There are 2 protein chains.
Amino acid sequence: MEQKRATIGDVAKRAGVSITTVSRVLNKNYPVKEATRQKVEEAIEILDFKPNLLARGLIHNRTQTIGILTPSIENLFFSEVVKGIDSAIKANGYTAFLGNTEGDSDQEKLMIDNMKNRSVDGIIAINPRTNNIKSGYYEALSKQIPLIIINGYNRGIHCNYVLNDGEVGALEAFRYLYECGHREIAFLRGQVSYSYDVKEDMYKQFCKDYHLTYRHENILVVEDGNGLETVEQSKALVEQILRKQSGLTSLFACNDWMAVGALNAAKSLGITVPDDFSIIGFDNTIISQITEPRLTTVDQSMSRLGQISGKRICELIEGKSSENKKIVIETKLLKRESVGQVNR
Amino acid sequence: MEQKRATIGDVAKRAGVSITTVSRVLNKNYPVKEATRQKVEEAIEILDFKPNLLARGLIHNRTQTIGILTPSIENLFFSEVVKGIDSAIKANGYTAFLGNTEGDSDQEKLMIDNMKNRSVDGIIAINPRTNNIKSGYYEALSKQIPLIIINGYNRGIHCNYVLNDGEVGALEAFRYLYECGHREIAFLRGQVSYSYDVKEDMYKQFCKDYHLTYRHENILVVEDGNGLETVEQSKALVEQILRKQSGLTSLFACNDWMAVGALNAAKSLGITVPDDFSIIGFDNTIISQITEPRLTTVDQSMSRLGQISGKRICELIEGKSSENKKIVIETKLLKRESVGQVNR
DNA sequence: TTGTAAGCGTTATCAG
DNA sequence: CTGATAACGCTTACAA
């Protein structure tokens, strides 16, 4: 195998010039006589020469490479974000290294080390573990290498953040339920993530502001919020509460998977959505559009989230921007069919 | 920013030994006196030294890196495969480069060039364009670098293939419909992909073997089989045919998205699935489990597909295997609720 | 306009 | 057991 690639030296020999000259026609950074350029380009063509990016990277300490960390790529939410990042950085000539962390904070650090050792030019961490943010790990990291945190945030920790306005999005959702007459709203979340915390805070706030009694038993927590099991787990939890809590008229889910689980729970109990029970999701992943009834949900425009992050990391790398920024992207409530008026 | 990383030279200086010695304790490939090892390790610790993988790669021409090409990462099918690959190669110490090709055959080549320039040790192409296979492009590539093609195949083209037994899977599905009494079966596919072709061939074969009249108008082709629009397009096509073709009792879809589109079409026309119309999908992506009714579909165990490919590419790289192989993974028909008996 | 030589951070070869 | 030194493929002063 491996009939080895031509090097710049081979080209130089073939064209009868020095290595330097070849480098110059390659990079177009110094004048070269038209005739020699022709010769060199010919040789490049014939030998099918392509510069070795490793060697270049070694010199410049720039690899045109960006590391992306995700808790689980097989989750629609994350993969759409990754897609957005990829398209944005590709436009700037970068290629992505991918790392699945399984939502484990140690793996997260390990993968980051790995990326640093590979001399990536920047790192984007999607939904990183909050403890790594709080501990200052990311803040320290961001002093070594351009870094962006997507959907994670901690006040007082200085980093570059790009996130959805989960607070506003959630609040809008709660208000909408309220307007539809709902007064008993369950809250369904995953165990650990900044984004869940934010929404739960808003939920409490909302209860207070709207003079609703906050009931601890209305907070439902699924173990894993991103894996494929989320739907099943959510279904089980919601079935359970629907059986005993007869006063409940609606539910807010922190993501669409959970909402689907809730939907299925209602179905299996013969409860009609939205007539007897209302459900609101979050994320506007494609599944929210294909359920029956289609889910009312909050659009996060994941791919835009990714694109903005991708663009921003390139700016950071190229030094076009230096201070830390917190970019908040607006969400939008999409009213579809899973929420209805309370009938009294 | 960029307070620069310690190099092996810094470690050597600090430990008072030569660079060579440091390299030796790093790689444990030559004996080093216990005392010196201690000194060196101490220095490594203090300086937080991590070897530069670029430099290593330059020497060994091995980067512990694998390039993955996918038509679109935000598609559940592909992202599950990627996940499988990632977990398998990670176990062998490799990291993944990711490239989205948008299903475009030129982009595919471009991305592959990019990966080669980055000295990846191997390449895995998921659902690559058939024309690139047929043209011999991939066969030539596989002589230069370890390569695996997932879900693509061309008889006479020598490459390493890993694929699902779409033929058997599809046949099993057709037979099942037949057993349930269906005699008028529509076939829904995407425009261009090896996997669609295989299934359509089986469909024709099936019609012949079971003495069903093959009707050209029963072949439905959506433009894009993998994008987010697939569901909508499928819905439109199926609505159309259901309106005019009253004899139709069932439909086979080449993937679950298309099946969902079909499901929605039936719903919008007030046709009950499976009582009045049966639908069968393919892939067993998570959505097939959350539709109502749940989709009868063919399980491809995507993540296993990825894992096997990941393992195999590592073998190829490490020279444990050399000849080309075609690994075929069995599929399994999952009977759920979207297919029913024909009522006469 | 072109070439020589040093250097990026490692590992491998060859002496000691 | 240890240390110079060349080499990997490329870029970039510095010279010519």
Side-chain angles (χ1 to χ4, degrees), chain A residues 2-41 43-44 47-65 113-121, chain B residues 2-41 43-44 47-65 113-121:
Chain A
E2 303 279 347
Q3 53 197 66
K4 62 177 170 296
R5 291 162 65 99
T7 72
I8 197 172
D10 300 330
V11 176
K13 203 175 295 172
R14 172 122 205 165
V17 298
S18 78
I19 288 184
T20 313
T21 303
V22 178
S23 169
R24 288 202 259 256
V25 344
L26 241 38
N27 299 297
K28 311 181 203 295
N29 49 359
Y30 285 92
V32 172
K33 200 162 63 181
E34 189 52 31
T36 38
R37 140 165 295 119
Q38 298 258 332
K39 276 191 300 181
V40 172
E41 275 170 351
I44 290 179
L47 298 174
D48 189 33
F49 167 78
K50 305 271 172 52
N52 180 327
L53 266 27
L54 247 41
R56 264 192 192 163
L58 193 53
I59 295 172
H60 292 135
N61 210 18
R62 280 280 302 278
T63 53
Q64 298 296 113
T65 273
D113 266 345
N114 181 291
M115 310 232 149
K116 287 203 291 182
N117 299 344
R118 302 202 120 91
S119 308
V120 296
D121 298 334
Chain B
E2 303 277 350
Q3 54 197 64
K4 61 175 171 295
R5 290 161 66 99
T7 72
I8 197 172
D10 300 330
V11 175
K13 203 175 293 172
R14 173 123 205 163
V17 298
S18 77
I19 287 185
T20 313
T21 302
V22 177
S23 169
R24 288 203 259 257
V25 344
L26 241 39
N27 299 297
K28 310 183 205 294
N29 49 359
Y30 286 92
V32 172
K33 199 161 66 180
E34 188 51 30
T36 36
R37 142 165 294 119
Q38 299 258 331
K39 274 191 301 181
V40 172
E41 275 169 351
I44 290 179
L47 298 174
D48 189 33
F49 166 79
K50 305 271 173 51
N52 180 327
L53 266 28
L54 247 41
R56 262 191 195 165
L58 193 53
I59 294 172
H60 291 138
N61 210 19
R62 281 279 302 280
T63 52
Q64 297 297 112
T65 273
D113 266 345
N114 181 293
M115 309 232 150
K116 288 204 291 183
N117 300 344
R118 304 201 121 90
S119 307
V120 296
D121 298 334

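The structure displayed is predicted, hence computed values, not measured ones. Quick note on labels: first sequence line is chain A, next is B, and so on, each numbered from 1.
Between A/T7 and A/D10, some side-chain heavy-atom pair lies under the 4.5 Å cut-off. Residues A/T36 and A/K39 have side chains in contact (heavy-atom distance under 4.5 Å, counting atoms from C-beta outward). Looking at heavy atoms from C-beta onward, A/E34 lies in side-chain contact with A/Q38 at the 4.5 angstrom threshold.
In the helix from C/dT1-D/dA16 to C/dG16-D/dC1, the terminal helix axes, each the rotation mapping four pairs' C1' atoms onto the next four within five end pairs, subtend 50°, rounded to 10°.
Annotation: side chain to side chain donor-acceptor pair (under 3.5 Å) contacts of B/S119 (sequence neighbours excluded): none. For B/S18, the side chain to side chain donor-acceptor pair (under 3.5 Å) test picks out B/T21, with sequence neighbours left out. Residues that satisfy the side chain to side chain donor-acceptor pair (under 3.5 Å) test with B/R118, not counting sequence neighbours, are A/T65, A/T95, B/N114.
The shortest non-hydrogen separation linking A/T63 to A/D121 is N-OD1, 2.9 Å.
Interface limits on DNA chain D: the 5'-most and 3'-most nucleotides within less than 4.0 Å of chain B heavy atoms are D/dC1 to D/dG9.
When atom types are taken as modelled, the side chain of B/N52 and the backbone of B/L54 share a donor-acceptor pair closer than 3.5 angstrom.
Taking a 6.0 Å sphere around NZ of B/K13, one finds it holds 12 or fewer heavy atoms contributed by other residues, nucleotides or ligands.
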Scoring nucleotides 7-16 of chain C by protein non-hydrogen atoms under 4.0 Å (B base, S sugar-phosphate only, - none) yields BBBBBB----
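A/N117 and B/R56 form no side-chain donor-acceptor contact under 3.5 Å, judged by distance and modelled atom types alone.
Proximity of A/T36 to the phosphate of C/dT2: a side-chain N or O atom is located under 4.0 Å from OP1 or OP2.
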